[in-house]
S.K.: 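Okay, handing you the structure first.
Below, chains carry the letters A, B, ... as their sequence lines are ordered, and counting in each starts from 1.
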Amino acid sequence: MSYLPKPKIHHPQLPKNTLGLTRRDYEGSLSTLCAGCGHDSVSAALIQACFELDLPPHRVGKLSGIGCSSKTPTYFLGPAHGFNSVHGRMPSIASGAAAANRDLVYIGVSGDGDTASIGLGQFIHAIRRGVNMLYLVENNGTYGLTKGQFSATADVGSKSKAGKANPYTPIDLVQLALQMGAGFVARSFSGDKEQLVPLLKAAIAYPGFAFIDVISPCVTFNNHEASTKSYSHIRRHDRPVMAADFVPLAQEITAAYAPGDRHTVTLHDGSMLHLKKLAEDYDPYDRIGAMNYLQRHQADGSVLTGLLYLDAEPTEMHAMLGTDAAALNSLPHASLCPGAAQLDAINAALR
Amino acid sequence: MSRLAKVNEFVLRFANVNGTGSASANGLVARALFRMGLPVGPKNIFPSNIQGLPTWFEIRVSEAGYTGRRGTVDLMVAMNGQTFAQDVRSVEPGGYLLYDSSKPLAPELRRPDINFLGVPLTELVTRQFANPRQRLLFKNIAYVGVLSALLDIEPEVVEQLLREQFQGKEKLIPPNMQAFELGRAAALERFACPLPMHAQRRDAVGDRILMDGNSAAGLGCVYAGATVAAWYPITPSTSLVDAFSAYCEDYRVNPDGSKRYAILQAEDELAAIGMVVGAAWNGARSFTATSGPGVSLMTEFLGLAYYAEIPVVLFDIQRCGPSTGMPTRTQQSDLLSSAYASHGDTKHVLLFPASPKECFDMAVQAFDLAERLQTPVLVMSDLDLGMNDWLSEPLTWDDSYRPDRGKVLTAQQLEDGFQFYRYLDVDGDAIPYRTLPGTHPSKGAFFTRGSGHDRLGAYTEDGDKYRDNVDRLRRKFDTAATLVPDAATLRDHGNSAGIIYIGTTAEVIPEALDALTAQGLDVDALRVRAFPFTQRVYDFIAAHDTVFVVDQNRDGQLRAMLLIEGNLDPARLVSVLSYDGMPVTADLLVHSISTHLEPVRALAMGASA
């Protein structure tokens, strides 16, 4: 059973956000993932991010495919509609959902098997299409639900729990997202909440396709010394290149930021994204530079984290399609149906 | 030499080379005859190729209203050297063959029992037009002129059609008319016109229209209020989405240029139906159009939509399978793969349109049924109906129509205390209530999933709860049988034999019934319009000793479904099969049925004597 309600006992003095909601209002069911699973930390970070963003939970659509990662939408935002679809196909569900109702916030949670293997096609096409969503991959380099097979993101030579070495080149989802034109690309680590929460907030608020690859170790099948997706490996090789601090529109901006290595990006709704350069030679606005930088550092075993690329003027799916400003699912039938008189004219033209 | 002498009852066939622009000239002939008040059945018989291979276009002209394929040719317009010998062979004795006599005809290609009508078309157009592309195109219009003289097709009608065709490009009208007149004059000069076989103006089409099924279905989606179309190109379904797009451009664009619809060309069929599922989950009427190979790819999502109870509308414009098969030939061979698409115990609602009007109406019904039943609905058209012009009743619309959105709870209903459980059968019809994402801050949210769930919508692996759920889904299919379009009885004279058929087979049934009656074999006829089968289908079968089930596929898929669903005696259902990729002919039905019934009749007569 992986659907257990959480006890409804609240601390009376839990802090509330501007909607009057507490962090508990953003939680979901009790997780049935393995104790220590990185995915649970990601769920906790999502809960924190949505709470801090003052998001009405029911205005979020949470979507997933199949796999351990795809179970996680059950564990956050209980008041939101969820969709646990089929393996690798979450992006098409998200695309259709976003086409039908542009007014909701979409959070798609996927895994490395779900995205980098069976779902690779849908993943890159969702990027091309500019679906306005947060696409989050909980990346542990292994197939947990089917007990430990290598996924397509496992590094060459990385060993399984049984000691077998992976012979295949990994697919780097971050580089793929950059290549395909994603406007917001980040990588983080499930164990680094300080970094992850602001990234999630910024990605959710981002008016286009935002991708976050979160290294999220699998404690059962892939958390041993020889694994490059283990807690210990990531802690040794994590190289943050950027720090992001997201200030949503609704929140009063009081902090003063020193000039120099700090950048501020104002998004369309007035929200602000403060970026702090940690690696002096890194430019998050340079897509090609970012790709080169990533490849160079991949070669020495570093795992670059932080906001890796940002396009401050993204083109989103509805802009490409030129759709009505209102959600398509809200248009009254009278505005969609040409009516009987028009049909008579169509008939006449066919005689 | 004998010369066929018929008025308003003949078959024209054009043999052309794909990509030479002949389709519009051939269509012009069909529409001109239609404008003269004559029922026509045009069929484009084209190769799976962009350019260069043989292509045929056939027009059945029938004052009696028999617009289906007949199988033989009375007048062949033989414009393709590659197939000339074959084309000569296909003409009925006493029939006619129009050919380009710019070059002499080899004697071995001649046949003594048909009439060769040579017109030096290439020579004529070469003299008249300098541009090589023009020569190619106007040769086609020139033979339309020849036919106009031979068959007495009114030149004013052709002229009017050309004016309409080139509206906005008026400068193209004079050269087209010139080419038309060129051919017409050449025929008048050479032959005694009209031929004994020709057309005469009648009022035999009434207010009917000439339209292809895909355009009608695309228009139906507009009228139904579909706002999201997601698709992947595949012949012969592409023109359906093209029509939806074109009609939306006419009727769904705001003054500022923004669109009240979204068309997503997906990366493949898996994504196309995924988008439809996502959009429908979010409360938009959405659809996809595909053909057999696409249905194969979509089965995983069809299973999810069935089990998670999400409305999906899918148009399957069937073509010749299996695998790539013959992509530009017609069949009704996706019945089983569609009805039971996906693993596990799955059943889908199917609709079987038989005319452009039904393509339009069933498009609307499909959305209403899908939302009412919260399940996929597949509209099973085929290439013949989808891509050919058909004589059809005019499309009709009732402005008081309101979409049936099914059991979707509003925020107010939730607020008023409606006890919402996603998969609970509240009303006894096995259809649960649903809520759309974003409806209410604290009530009504649920998790859509393809894994086992109980009445409340919660994940479960409890066997009893699983069975409870899938039993409800089966009962929902029973409810579907009360909501789908009922079967249509064409004839029920209490005969001992009857015919059951679906979709485009309908076009040849009246002709087949008349021919059988002429042989003294009266049979009844029932057209199935939907799956699940309605009670009328089973009653019809029960009332007849022998039921011929016409299938445009090899394995008798409709018959198989009747046997599976109705638990019937297989001996009573006799298959009549047509699966060469061409639309079924009346001749085939008559031959198959009479071959079966004649011995029975002879036996009965012997017994009574």
S.K.: Counting only non-hydrogen atoms closer than 4.5 Å, does A/Leu321 touch chain B with its backbone (N, CA, C, O), its side chain (CB onward), both, or neither?
M.R.: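 Contact with chain B: backbone and side chain both.
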S.K.: Checking A/Met90 against chain B: side chain, backbone, both or neither under 4.5 Å from a heavy atom?
M.R.: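 Neither the backbone nor the side chain of A/Met90 comes within 4.5 Å of chain B.
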S.K.: Need one label for B/Arg31: side chain, backbone, both or neither, based on atoms under 4.5 Å from any heavy atom in chain A.
M.R.: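 The side chain, not the backbone.
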S.K.: Taking side chain as everything from C-beta outward and backbone as N, CA, C, O, which of these in B/Ala308 sits under 4.5 Å from a heavy atom of chain A? Side chain, backbone, both or neither.
M.R.: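 For B/Ala308, neither part sits under 4.5 Å from chain A.
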S.K.: Report which part of B/Val222 has an atom under 4.5 Å of a heavy atom belonging to chain A: side chain, backbone, both, or neither.
M.R.: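 Contact with chain A is through both the backbone and side chain of B/Val222.
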S.K.: Specify which of B/Pro403, B/Gly283, B/Ser442, B/Gly450 makes the most heavy-atom pairs with chain A at under 4.5 Å.
M.R.: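 Heavy-atom pairs under 4.5 Å are most numerous for B/Pro403.
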S.K.: Do any N or O atoms from the side chain of B/Arg449 and from the backbone of A/Asn84 form a donor-acceptor pair under 3.5 angstrom?
M.R.: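 Here the side-chain-to-backbone pair does not exist.
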S.K.: Sort B/Tyr261 into side chain, backbone, both or neither according to what part of it lies under 4.5 angstrom from a heavy atom of chain A.
M.R.: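 The backbone, not the side chain.
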S.K.: Using heavy-atom distances under 4.5 Å, tell me whether B/Ala230 contacts chain A through its side chain, its backbone, both, or neither.
M.R.: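 Interface part for B/Ala230: neither.
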S.K.: Quick one: of B/Ser286, B/Gly444, B/Gly438, who has the most non-hydrogen atom pairs under 4.5 Å with chain A?
M.R.: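 The option with the most such pairs is B/Gly438.
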S.K.: Between chain A and each of B/Asn254, B/Asp207, B/Leu264, count heavy-atom pairs under 4.5 Å; write down the option with the most.
M.R.: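 Between B/Asn254, B/Asp207, B/Leu264, the count favours B/Asp207.
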S.K.: Chain B: which of A/Pro91, A/Ala341, A/Ala340 shares the most heavy-atom pairs with it under 4.5 Å?
M.R.: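 Between A/Pro91, A/Ala341, A/Ala340, the count favours A/Ala340.
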S.K.: Which bit of B/Thr396 comes within less than 4.5 Å of chain A, counting heavy atoms only: side chain, backbone, both or neither?
M.R.: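 Backbone of B/Thr396 only, per the 4.5 Å heavy-atom cut-off to chain A.
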S.K.: Quick one: of A/Pro338, A/Pro56, A/Ala327, who has the most non-hydrogen atom pairs under 4.5 Å with chain B?
M.R.: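 With the most close heavy-atom pairs to chain B, the winner is A/Pro338.
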S.K.: Go through it in stages, so that I can follow the logic: the residues are B/Thr439 and A/His81, the test is side chain to side chain donor-acceptor pair (under 3.5 Å), and I'd like the CA-CA distance, side-chain angles, deciding distance and then a yes or no.
M.R.: CA-CA 9 Å; B/Thr439 298; A/His81 275 65; 5.7 Å; no
S.K.: Mind ranking A/Arg59, A/Gln342, A/Met317 by heavy-atom pairs under 4.5 Å with chain B and telling me who comes out on top?
M.R.: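 Going by pairs under 4.5 Å, I would pick A/Gln342.
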S.K.: Write down the atom of A/Ala100, the atom of B/Ala284, and the distance for their closest heavy-atom approach.
M.R.: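 Looks like CB-CB, 3.5 Å.
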S.K.: Specify the closest pair of heavy atoms between A/Leu336 and B/Arg252, including all atoms of both residues, with the distance to one decimal.
M.R.: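 Reported closest heavy-atom pair: O-NE, 2.7 Å.
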S.K.: Return the minimal non-hydrogen interatomic distance between B/Pro394 and A/Arg351, and the atom names on each side.
M.R.: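 Where B/Pro394 meets A/Arg351 most closely, the heavy atoms are CB-NH2, 3.5 Å.
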S.K.: Taking atom OH as the centre, does B/Tyr232 end up with more than 12 heavy-atom neighbours from other residues, nucleotides or ligands that are less than 6.0 angstrom away?
M.R.: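 No, OH of B/Tyr232 has 12 or fewer neighbouring heavy atoms, counting only those of other groups under 6.0 Å.
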S.K.: Could you walk me through whether B/Asn282 and A/Tyr106 satisfy the side-chain contact (heavy atoms from CB on, under 4.5 Å) test, starting with their C-alpha distance in whole Å, then the side-chain angles of each, then the deciding distance to 0.1 Å, before giving a yes or no?
M.R.: CA-CA 12 Å; B/Asn282 238 347; A/Tyr106 297 99; 2.8 Å; yes
S.K.: Which region of B/Ile310, side chain (C-beta onward) or backbone (N, CA, C, O), has a non-hydrogen atom less than 4.5 Å from a non-hydrogen atom of chain A, or is it both or neither?
M.R.: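 The side chain, not the backbone.
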S.K.: Measure across A/Ser95 and B/Met275 and return the closest heavy-atom pair with its distance rounded to 0.1 Å.
M.R.: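 Result for this residue pair: CB-CG, 4.0 Å.
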S.K.: Let me know if A/Ser335 has heavy atoms under 4.5 Å from chain B in its side chain, its backbone, both or neither.
M.R.: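 The answer is both parts of A/Ser335.
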S.K.: Any chance you could lay out the side-chain contact (heavy atoms from CB on, under 4.5 Å) test for A/Cys337 and B/Trp397, step after step, and finish with the verdict?
M.R.: CA-CA 10 Å; A/Cys337 179; B/Trp397 188 253; 3.5 Å; yes
S.K.: Heavy-atom distance under 4.5 Å to chain B: side chain of A/Arg129, backbone, both or neither?
M.R.: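 Contact with chain B is through the side chain of A/Arg129 alone.
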S.K.: Check each atom of A/Leu63 against the heavy atoms of chain B and say whether the ones under 4.5 Å are side chain, backbone, both or neither.
M.R.: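 For A/Leu63, side-chain heavy atoms alone lie under 4.5 Å from chain B.
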S.K.: Could you tell me which portion of A/Pro73 (side chain, backbone, both or neither) has an atom closer than 4.5 angstrom to a non-hydrogen atom of chain B?
M.R.: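 When you check distances to chain B, atoms from both the backbone and side chain of A/Pro73 fall under 4.5 Å.
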S.K.: When only pairs under 4.5 Å are counted, which of B/Leu395, B/Val205, B/Asp256 shares the most heavy-atom pairs with chain A?
M.R.: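 The answer is B/Leu395.
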S.K.: Using non-hydrogen atoms only, which part of A/Pro57 is less than 4.5 Å away from chain B: side chain, backbone, both, or neither?
M.R.: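 Looking at A/Pro57, nothing touches chain B.
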S.K.: For B/Leu304, is it the side chain, the backbone, both or neither that has a heavy atom under 4.5 Å from a heavy atom of chain A?
M.R.: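 Side chain only.
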S.K.: So for B/Gln265, is it side chain, backbone, both, or neither that comes closer than 4.5 Å to the heavy atoms of chain A?
M.R.: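 The backbone, not the side chain.
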S.K.: Got a donor-acceptor contact below 3.5 angstrom from the B/Tyr223 side chain to the A/Gly339 backbone?
M.R.: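 Checked: pair present.
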S.K.: Provide the closest heavy-atom pair for B/Ala445 versus A/Pro79 in the form atom of the first, atom of the second, distance.
M.R.: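 Nearest heavy atoms, B/Ala445 then A/Pro79: CB-O, 3.3 Å.
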S.K.: With distance as the sole test, does A/Asp324 use its side chain to make a donor-acceptor pair with the main-chain N or O of B/Arg260 at under 3.5 Å?
M.R.: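 Side chain of A/Asp324 to backbone of B/Arg260, a donor-acceptor pair under 3.5 Å: no, none is there.
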S.K.: Just do the salt bridge (charged side-chain N to carboxylate O under 4.0 Å, His left out) check on B/Glu300 and A/Arg89 with the steps written out, would you?
M.R.: CA-CA 10 Å; B/Glu300 184 189 34; A/Arg89 321 269 183 249; 3.2 Å; yes
S.K.: Please classify the contact between A/Leu328 and chain B as side chain, backbone, both or neither, with a heavy-atom cut-off of under 4.5 Å.
M.R.: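 A/Leu328 touches chain B through backbone and side-chain heavy atoms alike.
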S.K.: Could you check which of A/Asp344, A/Asn329, A/Ile93 has the highest count of heavy-atom pairs closer than 4.5 Å to chain B?
M.R.: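 The candidate making the most pairs under 4.5 Å is A/Ile93.
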S.K.: Among B/Trp281, B/Phe446, B/Phe447, exactly one meets side-chain contact (heavy atoms from CB on, under 4.5 Å) together with A/Phe83. Which residue is that?
M.R.: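 Only match with A/Phe83 under side-chain contact (heavy atoms from CB on, under 4.5 Å): B/Trp281.
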S.K.: Take A/His58 and B/His440 through the side-chain contact (heavy atoms from CB on, under 4.5 Å) test and state the conclusion after the steps.
M.R.: CA-CA 7 Å; A/His58 74 293; B/His440 191 281; 5.6 Å; no
S.K.: Evaluate whether atom CD of B/Glu164 has more than 12 neighbouring non-hydrogen atoms of other residues, nucleotides or ligands under 6.0 angstrom away.
M.R.: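 Check passes, neighbour count above 12.
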S.K.: Name the region of B/Leu219, side chain, backbone, both or neither, that has any atom closer than 4.5 Å to a heavy atom of chain A.
M.R.: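 Looking at B/Leu219, just its side chain touches chain A.
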S.K.: Take a 6.0 Å sphere around CZ of B/Arg405 and say whether it holds more than 12 heavy atoms from other residues, nucleotides or ligands.
M.R.: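 More than 12 heavy atoms, drawn from other residues, nucleotides or ligands, come within 6.0 Å of this atom.
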S.K.: Would you name the heavy atoms of B/Pro437 and A/Leu104 that are closest together and state the gap between them?
M.R.: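 So the two residues come closest at CB-CD1, 3.7 Å.
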S.K.: Chain B heavy atoms under 4.5 Å from A/Ile66: which part of the residue, side chain, backbone, both or neither?
M.R.: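 It is neither, since no heavy atom gets under 4.5 Å.
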S.K.: Do other residues, nucleotides or ligands put more than 12 heavy atoms under 6.0 Å from A/Gln179 CD?
M.R.: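 Check fails, neighbour count at 12 or below.
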S.K.: With chain B, which of A/Ser92, A/Ser64, A/Ala80 has the greatest number of heavy-atom pairs at distances under 4.5 Å?
M.R.: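 Heavy-atom pair counts peak at A/Ser92.
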